[in-house]
Amino acid sequence: MKFSKSFIPTLKEVPSEAVIPSHILMIRAGLVRQLSAGIYTWLPLGYRVVRKITEIIREEMNAIGGQEFHFPALNPKEIWEQTGRVEAFGDTLFHVKNRDYVLAPTHEEIVAWHAQGALTSYKDLPQIWYQIQTKFRNEPRPRSGVIRGRQFLMKDSYTLDRTFEDLDIAYDKHDKAYRKIFDRSGLKYFIVGASSGAMGGSKSEEFMVKSDAGEDTVAYCGKCGYAANVEVAQSVSVNAARDNESKQLFEIPTPDVKSIDELCAFLKIDEHETAKSRVYMHDDKPVLVLMLGNDEVNESKLGPALGGNVRPCHPEELKEISGADAGSIGPIGFKYRIIADNLLEGANNLYSGANKNDYHLGGIDMKRDVPNIEYFDLRTVESGEKCVRCGSTLEVFKAIELGHIFKLGTKYSVALGVNYLDENGKEHPVVMGSYGIGVERIFACYLEQNYDEKGIIWKKPLAPFDIHLIGLNMKNSLIDETSNKIYEELQKEGYEVLFDDRNDVSAGVKFNDADLIGMPVQIVIGEKNLKDGRVEIKLRAKNEKQIVELPQLNNKLKELI
RNA sequence: CGGGGAGUAGCUCAGCCCGGCUAGAGCGCUUGGUUUGGGACCAAGAAGUCGCAGGUUCGAAUCCUGUCUCCCCGACCA
C-alpha cells in the first residue's frame, strides 16, 4: 500500500481524550478514531490489525471443530424476556425505541433459540457454534479507549452437549484454543479461576493481562501461577499472637485517638496487638466485624459469609448501636452479633475500642471475653503476602480481562426448551457452555505490552504490514525508481508492504511515522547507501540497523521475517 | 448515579478571575520557492456561529441560569 494514497492520519501531539498508552498510540498512529463515548471507528491501518486478530481466532476455533455463524445484533425483546435477562441486564441492555427489539450484548438466547427444535437427537450433539460480532452494551462509563466500549467486537462461542461430562471436554477444548490464540497474538497473560456471577453457571476461568488500565484487581503468584481476583483471593498471613498469660481487661483513656495508627502511636504498641471494628447492618441487624490491626474488611467476602443484604452502618447509627462513635467501638459489651477475621482466632492481650468515646480496652482475650464470636476469612490480600499454594510471594495488581470461559449448564436450554432425546427416547435439556474473547482487548493489550517512547512495536502476527519501505527523497529519480522496483518485488515475494512514497515530507517525518506506526521491519532507501548499491534494514523492536547490498535484500529478509 | 476537570481553527492549548475595537499561538493545511538520513526553512494564504439555549449589560469567549457533550476517580460491570 502506498502511503501517499492512504488514509493514515498520524498525530504528533497527544490527543487530550486519551490517557493510557494503548489508547494514545492507537490515535496517534492513525489506527482508530472516536465517534462518541465508547464508540470507535477503525481506520484502515487499525482494521488490518483487527482482521489479523480475528483470523487467528478463526483458525483456532475451526481447529477445535467450531462452526462460524453470524447471528443478528438486533434481537426480538421477547426472547430475552423468556430468560429474564431484560431485567437482569437492566440499563446495560440497549433498547430500540420504535420496535420491541434489543441490541444484543451477548448471544446465549439466540443460540438456544436456534438450537431449540433443531438439535433434537443425541446424534446431533455435540456442537460448537461461534461468531465474531459486534456487541452492544450501554456501559455507564466507557473508559480506557476500546477496552470498555458501548459497541465492541467479541468472539463468542457456545457449546451444546448431552452431558456435563461432554461439557467438560468442550470447555477443555476452549481452554486450549484460548491459550493458542493469546500465545499467537504475542500476549503475556495469566489465568484466573472465577466465580461465574450473573451468567448463571458453575466453573469459569478468566484470561487476564496485567495492566494499570485494568478494571479487576488480582493477586498473582509468579512461581506457581496461583491467581485470584482480590474479591476472593487468599493468602498466608501471620495470625495475631496468643501469649501464655492473658491479662485482665483494663480501660485506657485515649483522648482523640480514632484510627489504629493513632492508637499504636499513642500506646507504643504494634498493629498486630490491635483489633479494628467495623459495624455493618445485616438484614436490619447490626453486626460487628473485627479485623486484625489495620486490615480492611473485604466486603466481597463479607457478603457471601453472612448471606442476605449487608451494608456499612451510617455514622449516626453507630452511637445508638454501640454507645460510641467510630474510632472507639470494640467487641467487649457489644450487644449484637460479632464476627471476626480468621487471623484473630484465639488471640489474647489485644487492644480495641471500649464502646465509650475516647476510651480503649487492653487485655482482650478472644476466647475468654468474646465467647460467641464467629470467624471467617474477611481479609483483602495485599502485595508481599505469601501464596496459599506454594508459599512464595504474591503480587497484587490491576488486570484486563481478555477472555472468559464458562460452563453454563442448562439454564438457557431449560428456559427456552432446548431438549434432545437420548438413545432410550428420553428427553434431556442440552448442556451449554459459553466462551468470550474481546477482540479489541487483544489489540489494546498487545499495545500496552509492546511500545517505546517512539511508538508501537509490532511483531509479525498482528502487524498491519510486514515491511515499511521508506523512499527518502522521492524527487531523486534513482531512489524513486529503485524503491518502486523493490516495492513490486517484495509484494511478489508475498510480503505485505507499506511503501512511504511521499515526496512532500522530509526524511525525519518518514522516520518518525515509521517508528510510530511500528512495522517490524523498515527498509530505508536513501542516497547515502544507494550510491553504493545498498539499502538499510532496521528492526523496529531492537532499533538495530544493518546495511545490505541490493541483491542480498531478499535473502536477508527471509532470515529476518 | 456521586465527586472532579474540560468544551475557543483539523490537533494541542492561551485568553475568562478583573466584560470593551477586527479572538490569538504552536503544530497541521493551501500556494510558490529552497531543502531531502531523524518531525527542515522562507514567503504568502485559507480556516472559528468561542458546545448549545436563555438572561444581565450600551457591549459577553469572559458574568448569571439552564442544557448537551467529552475526560478522570468512584459506584456498576453477563
Side-chain angles (χ1 to χ4, degrees), chain A residues 9-20 23-24 27-28 30 33-39 80 83-93 104-109 135-145 147-150 152 154 156 158 194-201 204 206 212-216 229 231 299-300 311 398 400-401 403-406 408 411-412 434-436 438 454-455 470-476 478-480 500 502-516 522-531 534-536 538 543 545 547:
Chain A
T10 59
L11 255 40
K12 207 187 318 192
E13 284 171 297
V14 176
S16 58
E17 78 257 32
V19 174
I20 63 167
H23 192 196
I24 293 171
I27 297 172
R28 285 197 55 216
R33 281 283 170 89
Q34 177 173 320
L35 178 63
S36 177
I39 305 176
W80 284 79
T83 54
R85 288 220 292 182
V86 171
E87 204 186 10
F89 268 100
D91 195 48
T92 303
L93 187 66
T106 173
H107 279 83
E108 282 79 9
E109 278 77 0
K135 296 290 194 285
F136 298 88
R137 293 184 195 178
N138 185 21
E139 295 293 344
R141 191 187 150 208
R143 67 181 93 183
S144 305
I147 290 173
R148 178 166 292 271
R150 295 208 167 110
F152 57 97
M154 185 180 194
D156 44 327
Y158 305 89
S195 62
S196 44
M199 283 296 286
S204 81
E206 293 173 338
D212 290 336
E215 302 179 299
D216 294 290
N229 197 303
E231 290 178 1
E299 293 182 7
S300 321
R311 64 158 176 88
K398 296 260 189 188
I400 297 168
E401 181 187 336
H404 204 156
I405 57 178
F406 282 103
L408 282 181
K411 171 176 172 171
Y412 297 94
S434 156
Y435 318 83
K454 284 289 200 175
I470 303 169
L472 282 186
N473 179 7
M474 294 300 286
K475 284 176 184 162
N476 174 318
L478 182 60
I479 292 179
D480 184 26
D500 195 340
R502 291 176 291 179
N503 61 11
D504 56 349
V505 296
S506 67
V509 172
K510 295 188 179 187
F511 286 131
N512 281 305
D513 270 349
D515 287 345
L516 173 62
Q522 296 172 14
I523 300 175
V524 183
I525 318 291
E527 265 170 279
K528 199 172 78 184
N529 289 308
L530 195 57
K531 66 178 176 0
R534 298 168 176 175
V535 296
E536 177 186 301
K538 175 175 152 178
N543 201 24
K545 294 173 187 171
I547 312 297

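Hydrogens, waters and symmetry mates are skipped; everything else that's a heavy atom, side chains included, is used. Chain identifiers are assigned alphabetically (A, B, ...) following the order of the sequence lines, protein sequences preceding nucleic acid strands; residue numbering begins at 1 within each chain.
Among the atoms of the strands shown, base atoms are found under 4.0 Å from some heavy atom of A/P140. Residue A/S36 is classed as a sugar-phosphate contact, given heavy-atom separations below 4.0 Å to backbone atoms only. Using a 4.0 Å heavy-atom cutoff across all strands shown, A/T83 reaches no nucleic acid atom at all. Backbone-only contact: A/P15 has heavy atoms under 4.0 Å from sugar-phosphate atoms and none from a base.
Between the P atoms of B/C11 and B/G51, the separation comes to 14 Å (whole Å). When the C1' atom is used for both B/U69 and B/A23, the distance is 23 Å, rounded to whole Å. When the P atom is compared between B/U57 and B/G19, the two are found 16 Å apart, to the nearest whole Å. Between B/G10 and B/C50, the distance separating the two P atoms is 13 Å to the nearest Å. Rounded to whole Å, the P atom of B/C58 lies 28 Å from the corresponding atom of B/U67. Nucleotides B/G4 and B/U22, compared at atom P, are 38 Å apart to the nearest Å. Taking atom P in both B/G54 and B/G45, one finds a spacing of 37 Å when rounded to whole Å. Nucleotides B/G24 and B/G15 are separated by 16 Å at their P atoms, to the nearest Å.
Counting heavy atoms from C-beta on, the side chains of A/E17 and A/H23 come closer than 4.5 Å. At least one side-chain heavy atom of A/K135 sits less than 4.5 Å from a side-chain heavy atom of A/H107. Contact check for A/L472 versus A/E527: no side-chain heavy atoms found under the 4.5 Å cut-off.
A/R311 has its CZ atom 19 Å from the P atom of B/A75, to the nearest Å. As rounded to whole Å, 14 Å separates atom C1' of B/G10 from atom CD1 of A/I27. Here B/A75 presents its P atom at 10 Å from CD of A/E299, a figure rounded to the nearest Å. Between A/Q34 atom CD and B/C71 atom C1' there is a gap of 9 Å when expressed in whole angstrom units. Atom CD1 of A/I24 and atom C1' of B/C72 are 13 Å apart (whole Å). One can place CG of A/D91 at 18 Å from P of B/A75, the figure rounded to the nearest angstrom. Counting to the nearest Å, the P atom of B/C70 and the CZ atom of A/R33 are 17 Å from each other.
A 3.5 Å limit on both hydrogen-bonding distances identifies no Watson-Crick or G-U partner for B/A14. The pairing partner recorded for B/C41 is B/G33, the criterion being a Watson-Crick or G-U wobble arrangement whose two distances lie under 3.5 angstrom. Both distances falling under 3.5 Å, in either a Watson-Crick or a G-U wobble arrangement, place B/C52 opposite B/G66. Nucleotide B/G28 forms a pair with no other nucleotide shown, judged by Watson-Crick or G-U wobble geometry with both contacts under 3.5 Å. When both pairing distances are held under 3.5 Å, B/C1 makes a Watson-Crick or G-U pair with B/G74. Remark: B/A61 base-pairs with no nucleotide; criterion is Watson-Crick or G-U wobble with both hydrogen-bond distances under 3.5 Å.
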Letter per nucleotide, 5' to 3', of nucleotides 35-40 of chain B [B base touched, S only sugar-phosphate touched, - untouched; heavy atoms, 4.0 Å]:
BBBBB-

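Comparing B/C76, B/U12, B/C72 by their closest approach to the side chain of A/E17 singles out B/U12. Checked against B/C70, B/C73, B/U12, the side chain of A/S16 finds its nearest nucleotide in B/U12.
With respect to A/E108 and A/R85, a salt bridge is recorded, a charged nitrogen being found less than 4.0 Å from a carboxylate O.
A/R148 and A/R141 make their closest contact through CD-O, 3.9 Å (heavy atoms, listed as atom of the first residue, atom of the second, distance). In terms of heavy atoms, A/A37 sits closest to A/R150 at O-NH1, 3.5 Å. When all heavy atoms are compared, the tightest approach of A/A18 to A/I24 is CB-CG1, 3.6 Å.
Ranked by how close their nearest RNA chain B nucleotide is to the 5' end, A/V19 and A/E215 are led by A/V19. Map A/R148 and A/A37 each onto its nearest nucleotide of RNA chain B; the residue landing nearer the 5' end is A/A37.
A donor and an acceptor atom sit less than 3.5 Å apart, one in the side chain of A/E13 and one in the base of B/G26.
The phosphate of B/C70 has neither OP1 nor OP2 within less than 4.0 Å of any side-chain N or O from A/R143.
Annotation for A/D212: atom CG does not count as buried by contact number, only 12 or fewer foreign heavy atoms lying within 6.0 Å.
Take A/D515 and apply the side-chain hydrogen bond (donor to acceptor under 3.5 Å, both in side chains) test, not counting sequence neighbours, and it matches A/Q522, A/K538. In this structure, the side-chain hydrogen bond (donor to acceptor under 3.5 Å, both in side chains) partners of A/D513, at least two apart in sequence or on a different chain, are A/T10, A/R502.
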